[in-house]
Amino acid sequence: MCSFVINTFPRGLVMATMKCPDCGSQGFFVKDPEDQYNISEFDVLDGEIVFTSVETASANLEVGDDTETFCNRCAWHDKFKTLKRGR
């Protein structure tokens, strides 16, 4: 299952951060199904995807429940819905 870290932001806003179920990393990426070398990196804050890639917003890949999602730090990967299920 996923674990969460609660971050407190200015004005008392609290957000839950999804983490890798194996290593605890908060960073993930997805690969373009047509070009495996094209990736989009992101974190998941409060259930929302926040892209960390330096590319423009239009260049980020779409992430759906069935999108294969990879951890940035270890070998974990699974469908995105697996991360959401741990919430």
Side-chain angles (χ1 to χ4, degrees):
M1 294 291 162
C2 294
S3 56
F4 296 90
V5 172
I6 302 296
N7 296 322
T8 304
F9 293 89
R11 300 186 188 140
L13 179 65
V14 176
M15 301 179 94
T17 304
M18 288 182 163
K19 296 170 70 176
C20 172
D22 287 347
C23 74
S25 174
Q26 298 174 12
F28 302 95
F29 68 93
V30 292
K31 296 179 181 181
D32 184 337
E34 295 177 18
D35 179 3
Q36 294 293 305
Y37 297 103
N38 181 23
I39 65 169
S40 289
E41 297 176 293
F42 62 92
D43 296 331
V44 182
L45 300 174
D46 201 26
E48 297 294 319
I49 294 172
V50 179
F51 286 99
T52 56
S53 303
V54 294
E55 27 189 64
T56 63
S58 62
N60 288 323
L61 300 170
E62 184 176 331
V63 180
D65 283 347
D66 290 327
T67 303
E68 189 72 13
T69 305
F70 299 82
C71 176
N72 261 344
R73 192 167 74 184
C74 73
W76 180 89
H77 64 94
D78 205 337
K79 304 284 186 205
F80 182 70
K81 65 184 171 190
T82 304
L83 283 176
K84 290 173 59 175
R85 191 178 310 128
R87 288 194 90 228

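One-based numbering along the sequence shown. Only heavy atoms go into these numbers, but all of them, side chains included; no hydrogens, no water, no symmetry mates.
Using a 4.5 Å heavy-atom cutoff, the side chains of Pro21 and Leu83 are in contact. Residues Phe42 and Asn60 form no side-chain contact, since every pair of their non-hydrogen atoms from C-beta on lies 4.5 Å or further apart. At a threshold of 4.5 Å between non-hydrogen side-chain atoms, the residues Gln26 and Met18 do not count as touching.
Between the CG atom of Leu61 and the CZ atom of Phe51 there is a distance of 7.0 Å, given to the nearest 0.5 Å. Atoms CZ and CG, on Phe28 and Asn72 in that order, are 8.5 Å from each other to the nearest 0.5 Å. With values rounded to the nearest 0.5 angstrom, Asn38 atom CG is found 11.5 Å from Lys31 atom NZ. Between Asp32 atom CG and Ile39 atom CD1 the span is 11.0 Å, to the nearest 0.5 Å.
Here the shortest heavy-atom pairing between Cys20 and Cys74 reads SG-SG, 3.7 Å.
Partners of Asp66 by salt bridge (Lys or Arg N to Asp or Glu O under 4.0 Å), not counting sequence neighbours, listed by chain and number: Lys81. Listed by chain and residue number, Phe29, His77 satisfy the ring-ring contact (aromatic ring centres under 6.0 Å, His included) test with Phe70 (two or more places apart in sequence, or in another chain).
Of the possible donor and acceptor atoms, none in the side chain of Thr52 sits under 3.5 Å from a partner among the backbone N and O of Val50.
Gln36 CD: more than 12 foreign heavy atoms inside a 6.0 Å radius.
Among Val30, Val63, Asp43, the one residue that satisfies the side-chain contact (heavy atoms from CB on, under 4.5 Å) test with Ile49 is Val63.
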